[in-house]
Amino acid sequence: MTTAEPGVPRRPSAGRWDSRTSSPVWLRAEPSRVRRKPPLTLERIVDAGVTLLDEHGIEGLTMRCLAQQLDVTATALYWHVKTKDDVLDLAVDRIFGDVPLPDVSDNWQEDIRVLTRAWRGAMLRHPWAPRLVGRPMLGPNVLARTEFLQSALVRGGCRGLQLAVATRMLANYVIGASLTEATWHQAAAPQARAAARDYIAASANAYPTLNASGHLDDTRWNDDLLFEESLNGILLTAARTGGPE
């Protein structure tokens with residue numbers, strides 16, 4: 001039997017494994033890796049902003065809530081956006097990106113119908129949006145769709161003041177219609193419009209024209225039909241104003 005000299009550590013024999021030494025590489029567990037947060041980007045901020053707006057509305061979006069949603073400090077946000085207004089402008093432009101740009105056809109009026117239907121649909125999916133569209137909108141998605149709208153009107157013969165008026169009529173109509181519908185859908189129970197209609201019917205002496213016309217009676221004319229017929233009327237006006245190309 002061999003003995004080690006005093007003070008000299010004993011070495012394992014070749015080919016033998018000593019439990020006091022490191023285990024073979026094949027038996028070692030892989031070290032746990034710390035999962036890093038995804039980097040904070042403007043795209044992530046806008047995505048989180050749209051989510052908060054959809055869930056809690058404009059009043060529910062604060063920089064503190066946005067930071068919590070992203071699991072960052074509020075200070076980190078300010079490297080990318082300066083104010084809540086920045087987030088709102090970016091969020092509106094983001095949802096406009098959900099509106100496909102139609103292919104240009106030989107029918108300028110139908111091109112506008114396709115665009116405005118999709119525009120209305122996007123705002124109804126995000127009912128906070130119509131309240132914000134009156135802000136100066138210079139985002140690339142908004143401008144691209146406004147460019148498409150005006151180019152279609154130009155193909156319909158609108159120029160100068162007539163072009164500006166037709167653009168304003170269409171934009172204000174789509175925004176206003178979407179705001180009215182979104183408000184009903186958000187604030188009113190399904191039976192609320194029926195109750196309003198019953199009130200008018202019960203006050204027929206005071207409101208004979210409203211009662212006879214079926215005002216607020218969505219069983220007579222629903223929002224989709226009213227939107228389409230009103231849009232047709234605006235396009236007919238634009239066609240008469242602009243005249244042939």
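Quick caveat, the model's predicted, so the values are computed rather than measured. What you see below is based on every heavy atom in this structure, not just the backbone, and it leaves out hydrogens, waters and symmetry mates. Heads up: numbering here begins at 1 and tracks the sequence.
No single ILVMFWY cluster, assembled from side-chain heavy atoms under 4.5 Å apart, contains both Leu170 and Val114. Hydrophobic clustering of Ile, Leu, Val, Met, Phe, Trp and Tyr side chains at less than 4.5 Å, counting indirect connections, unites Leu42 with Tyr78. By the criterion of side-chain heavy atoms lying less than 4.5 angstrom apart, applied directly or through intervening Ile, Leu, Val, Met, Phe, Trp or Tyr residues, Val165 is grouped together with Tyr173 in one hydrophobic cluster. With hydrophobic clusters built from ILVMFWY side chains whose heavy atoms lie under 4.5 angstrom apart, Leu101 does not share a cluster with Leu143. Hydrophobic clustering (ILVMFWY, side-chain heavy atoms < 4.5 Å, transitive): Val72 and Leu52 are in one cluster.
Tyr207 and Tyr199 have tilted rings, their planes meeting at an angle from 30° to 60° on a 0 to 90° scale.
Across every non-hydrogen atom of Cys158 and Ala238, the tightest pair is SG-O, 3.6 Å. Closest approach of His126 to Ile95, counting heavy atoms only: CD2-CG2, 3.6 Å. Here the shortest heavy-atom pairing between Ala196 and Leu216 reads CB-CD1, 3.9 Å. When all heavy atoms of Ala91 and Val50 are compared, the pair lying nearest together is CB-CG2, 3.9 Å. Between Phe148 and Pro102 the shortest heavy-atom distance is CE1-O, 3.2 Å. Here the closest heavy-atom approach between residue Gln69 and residue Ala48 is recorded as CG-CB, 3.8 Å.
No donor-acceptor distance shorter than 3.5 angstrom exists from the side chain of Ser203 to the backbone of Ile200, with no hydrogens or angles considered. Proximity of a side-chain donor or acceptor of Asn141 to a complementary backbone N or O of Asp93 within less than 3.5 Å is detected. Of the possible polar contacts, one joining the Arg145 side chain to the Val99 backbone as a donor-acceptor pair under 3.5 Å is found. Under a 3.5 Å cut-off, the side chain of Ser213 and the backbone N or O of Leu210 do form a donor-acceptor pair. Between the side chain of Arg197 and the backbone N or O of Asn211, at least one donor-acceptor pair lies under 3.5 Å. Between the Asp111 side chain and the Ser105 main chain, a donor and an acceptor come within less than 3.5 Å of each other.
In this structure the side chain of Arg44 reaches within 4.5 angstrom of the side chain of Thr41, judged on heavy atoms. Contact of the Val154 side chain with the Trp108 side chain is not registered, since no non-hydrogen atoms from C-beta on lie closer than 4.5 Å.
With rounding to the nearest 0.5 angstrom, the CD atom of Glu110 is 9.5 Å from the CG atom of Leu235. Residue Met63 holds its CE atom at 7.0 Å from OG1 of Thr83, rounded to the nearest 0.5 Å. Rounding to the nearest 0.5 angstrom, the gap separating the CG atom in Leu88 from the CG atom in Leu53 is 6.0 Å. Here the straight-line distance linking atom CE of Met123 with atom CZ of Phe96 works out to 5.5 Å at 0.5 Å rounding. Between the NE2 atom in His80 and the CD1 atom in Ile45 there is a gap of 5.0 Å [rounded to 0.5 Å]. Rounding to the nearest 0.5 Å places CG of Leu77 at 11.0 Å from CG of Asp86.
A 6.0 Å sphere centred on CG of Asn222 holds more than 12 heavy atoms belonging to other residues, nucleotides or ligands. More than 12 heavy atoms of other shown residues, nucleotides or ligands fall within 6.0 angstrom of atom CD in Glu228. Counting non-hydrogen atoms of neighbouring residues, nucleotides and ligands closer than 6.0 angstrom, the CH2 atom of Trp79 reaches no more than 12 such neighbours.
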For the pair Asp47 and Glu43, evaluate side chain to side chain contact (heavy atoms under 4.5 Å, CB included) and give the outcome as yes or no after the intermediate values. CA-CA 6 Å; Asp47 287 343; Glu43 183 176 1; 4.0 Å; yes
List the steps, then state whether side chain to side chain contact (heavy atoms under 4.5 Å, CB included) holds for Leu124 with Trp119. CA-CA 9 Å; Leu124 291 180; Trp119 183 1; over 6 Å; no
Mind running side chain to side chain contact (heavy atoms under 4.5 Å, CB included) on Leu61 and His56 for me, showing each step along the way? CA-CA 7 Å; Leu61 174 66; His56 305 293; over 6 Å; no
Salt bridge (Lys or Arg N to Asp or Glu O under 4.0 Å) between Lys84 and Glu59: does it pass, once the steps are laid out? CA-CA 11 Å; Lys84 172 180 173 176; Glu59 292 73 18; over 6 Å; no
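Between the side chains of Asp217 and Thr219, at least one donor N or O sits under 3.5 Å from an acceptor N or O. One side chain, Arg113 or Asn232, offers a donor N or O that lies under 3.5 Å from an acceptor on the other.
For the salt bridge (charged side-chain N to carboxylate O under 4.0 Å, His left out) criterion with Arg120, the lone passing option out of Asp224, Asp223, Asp98 is Asp224.
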